[in-house]
Amino acid sequence: MNQEAPSGGHEEAASLDSAEGVQGRKLGRENQTGPEHPSQGPSTQEGEAGRAAGEPSLAGGELNLPGQSPLYHALNSARYDRQQLIAAYEAEQDCRLIVMIDAIFPESVTIFEELIYDADPNQDLHLMLNSPGGDGETAIRLVRSAQARCKELTVIVPDRAKSAATLLAMGAHHILMGPVSDLGPIDPQLRVPSDRGDRMVAAKDLLSAVESAQHAIQENPETYPIHAAMLAEIDAVLLQFARSAMERTDQLMEEALRSNPSRDEESVKKLCSSLKEPLIARLSSHAAVFGASDAKRAGLPVIAVDPSSHQWSILWRLWTKYFAMLPRRIYENAKNSQIGPSDD
């Protein structure tokens with residue numbers, strides 16, 4: 001996510017900084033369990049959805065004011081708006097809705113768990129997921145954890161769920177996709193340190209760059225200094241890690257598909273066979289498009305949602321509120337919010 005955040009995102013960031021100081025910019029400072037403290041949000045004890053979302057409401061002709069202090073409520077009103085939409089969706093769909101907007105790496109696990117640790121295993125879980133990808137092993141851990149805490153898991157893709165995020169989606173009972181929703185090739189993503197901070201690079205692209213440099217140097221040894229400078233950030237350990245990640249791609253796909261407890265072994269093998277060609281063997285670019293119709297043809301449990309439906313209307317309105325905050329790392333449900341700067 002390299003785009004500039006629209007003005008709404010800057011306003012919210014400024015609000016959080018004002019309310020919580022410099023530390024408010026760090027992931028985890030928006031965790032909520034009560035109404036008053038700056039690191040807390042709506043009380044989990046508040047009954048009505050509107051009050052839980054921190055919104056004023058009328059009861060018996062009298063105005064019930066939010067439990068938060070006026071300034072704190074004003075500074076966090078955007079969050080309450082999002083959580084009110086989440087609560088409305090949950091009531092309509094009879095499910096728990098959680099949101100994850102982040103690259104998938106080991107540190108995602110604990111924050112993700114915070115959203116589902118108290119989930120009802122007899123209730124459906126819906127996950128709104130937007131991610132450029134990341135670590136496949138972590139994606140398997142996340143989908144297994146989600147499946148262990150719900151009746152059925154639905155992954156909602158409003159925009160993109162690439163690579164490791166596609167693996168996560170594969171382990172769901174249903175994948176809800178709209179007209180612009182996009183899955184993608186299962187190409188492991190690596191974090192490569194640089195002078196400008198960590199950046200995500202596809203393992204395949206890293207290996208291709210090294211192989212191309214080797215061929216060029218063999219043909220013209222005088223180009224060695226140029227290629228050495230271009231690949232200065234790549235060491236032998238990272239190179240071997242990239243090779244290992246690529247070798248394990250088939251196995252990770254099988255493990256992801258097997259994470260859905262409703263699938264038998266025959267179904268898993270059949271899906272592996274149909275998905276390998278478009279998502280692994282035919283791998284061309286991390287940005288390659290794999291939309292709802294492509295995923296459905298390959299056998300994935302895709303629900304191509306009607307974009308004019310009330311369900312998608314709520315989801316899209318919620319997604320646009322998150323889009324206005326990008327680039328940020330976001331983990332949120334109706335009563336918990338963890339937001340921090342993005343690595344993208």
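Note that the coordinates shown come from a computational prediction; the quantities given were computed from them, not determined experimentally. In what follows, every heavy atom counts, from backbone to side chain, and hydrogens, waters and symmetry copies are set aside.
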Regarding [X] and [Y], do their side chains bring together a donor and an acceptor under 3.5 Å, going by distance alone?
| X | Y | value |
| --- | --- | --- |
| Ser267 | Asp264 | yes |
| Tyr322 | Asn130 | no |
| Asp135 | Thr138 | yes |
| Thr154 | His173 | no |
| His126 | Glu90 | no |
| Arg317 | Ser313 | no |
| Tyr331 | Ser337 | no |

Nearest 0.5 Å, what's the [atom1]-[atom2] distance between [X] and [Y]?
| X | Y | atom1 | atom2 | value |
| --- | --- | --- | --- | --- |
| Leu168 | Ile140 | CG | CD1 | 8.0 Å |
| Asn260 | Met170 | CG | CE | 12.5 Å |
| Arg82 | Trp319 | CZ | CH2 | 12.5 Å |
| Leu275 | Leu257 | CG | CG | 6.0 Å |
| Lys269 | Ser274 | NZ | OG | 13.0 Å |
| Cys95 | Leu127 | SG | CG | 11.0 Å |

Applying side-chain hydrogen bond (donor to acceptor under 3.5 Å, both in side chains) to Glu152 and not counting sequence neighbours gives His174
Any donor-acceptor pair under 3.5 Å from [X] side chain to [Y] backbone:
| X | Y | value |
| --- | --- | --- |
| Ser342 | Arg329 | no |
| Ser181 | Val157 | yes |
| Thr223 | Ile226 | no |
| Arg96 | Leu115 | yes |
| Asn76 | Tyr72 | yes |
| Gln83 | Asn333 | yes |
| Gln147 | Gly171 | yes |
| Lys162 | Gly133 | no |
| Arg149 | Ile116 | yes |
| Ser108 | Phe105 | yes |

Go through it in stages, so that I can follow the logic: the residues are Lys335 and Asp118, the test is salt bridge (charged side-chain N to carboxylate O under 4.0 Å, His left out), and I'd like the CA-CA distance, side-chain angles, deciding distance and then a yes or no.
CA-CA 12 Å; Lys335 63 181 181 180; Asp118 60 347; 2.8 Å; yes
Determine whether [X] and [Y] make a side-chain contact, defined as any pair of heavy atoms from C-beta on separated by less than 4.5 Å.
| X | Y | result |
| --- | --- | --- |
| Leu183 | Met177 | yes |
| Ile303 | Ile175 | no |
| Ile339 | Met325 | yes |
| Pro301 | Arg263 | yes |
| Met128 | Ile101 | no |

Could Arg79 and Glu332 be called an ion pair, given the rule that one side-chain N must be under 4.0 Å from one carboxylate O?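 No.
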| said: Apply side-chain contact (heavy atoms from CB on, under 4.5 Å) to residues Leu315 and Ile156 and explain how you reach the verdict. | reply: CA-CA 9 Å; Leu315 290 170; Ile156 301 162; 3.9 Å; yes
Which atom names give the shortest non-hydrogen contact between [X] and [Y], and what distance separates them?
| X | Y | answer |
| --- | --- | --- |
| Cys150 | Asp124 | CB-C, 4.4 Å |
| Ala172 | Val155 | CB-CG2, 3.7 Å |
| Asp294 | Val289 | OD2-O, 4.2 Å |
| Leu167 | Gly136 | CD1-CA, 3.8 Å |
| Ala139 | Ile104 | N-CG2, 3.8 Å |
| Phe290 | Ala298 | CZ-CB, 4.1 Å |

Open item on the list: The test is salt bridge (charged side-chain N to carboxylate O under 4.0 Å, His left out); show your working for Lys276 and Asp250 and say whether it passes.
Closed with: CA-CA 8 Å; Lys276 183 173 181 178; Asp250 286 20; 3.0 Å; yes
Check your understanding: CD of Glu266: more than 12 outside heavy atoms within 6.0 angstrom?
Key ->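 At most 12 heavy atoms, drawn from other residues, nucleotides or ligands, come within 6.0 Å of this atom.
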Practice prompt. Tell me, yes or no, whether the heavy-atom count around Arg248 atom CZ, taken from other residues, nucleotides or ligands under 6.0 Å, exceeds 12.
Written response: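 Enclosed: over 12 neighbouring heavy atoms sit under 6.0 Å from CZ of Arg248.
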Do [X] and [Y] land in one hydrophobic cluster if side-chain heavy atoms of ILVMFWY residues count as linked below 4.5 Å?
| X | Y | answer |
| --- | --- | --- |
| Val109 | Leu129 | yes |
| Val210 | Ile217 | no |
| Val180 | Leu318 | yes |

Could you give me the CA-CA distance, side-chain angles and deciding distance for Asp182 and Asp159, then say whether side-chain contact (heavy atoms from CB on, under 4.5 Å) is met?
CA-CA 6 Å; Asp182 188 28; Asp159 187 358; 5.8 Å; no
**OP:** Could you check Arg141 against Glu255 for salt bridge (charged side-chain N to carboxylate O under 4.0 Å, His left out), going step by step and ending with a plain yes or no?
**Re:** CA-CA 10 Å; Arg141 294 171 64 193; Glu255 289 179 13; over 6 Å; no
- Query: Is there a side-chain contact (heavy atoms from CB on, under 4.5 Å) between Gln311 and Leu176 once you walk through the steps?
  - Reply: CA-CA 11 Å; Gln311 179 185 16; Leu176 192 68; 3.7 Å; yes
**OP:** Please step through side-chain contact (heavy atoms from CB on, under 4.5 Å) for the pair Ile330 and Asp102, ending with a clear verdict.
**Re:** CA-CA 6 Å; Ile330 303 169; Asp102 194 10; over 6 Å; no
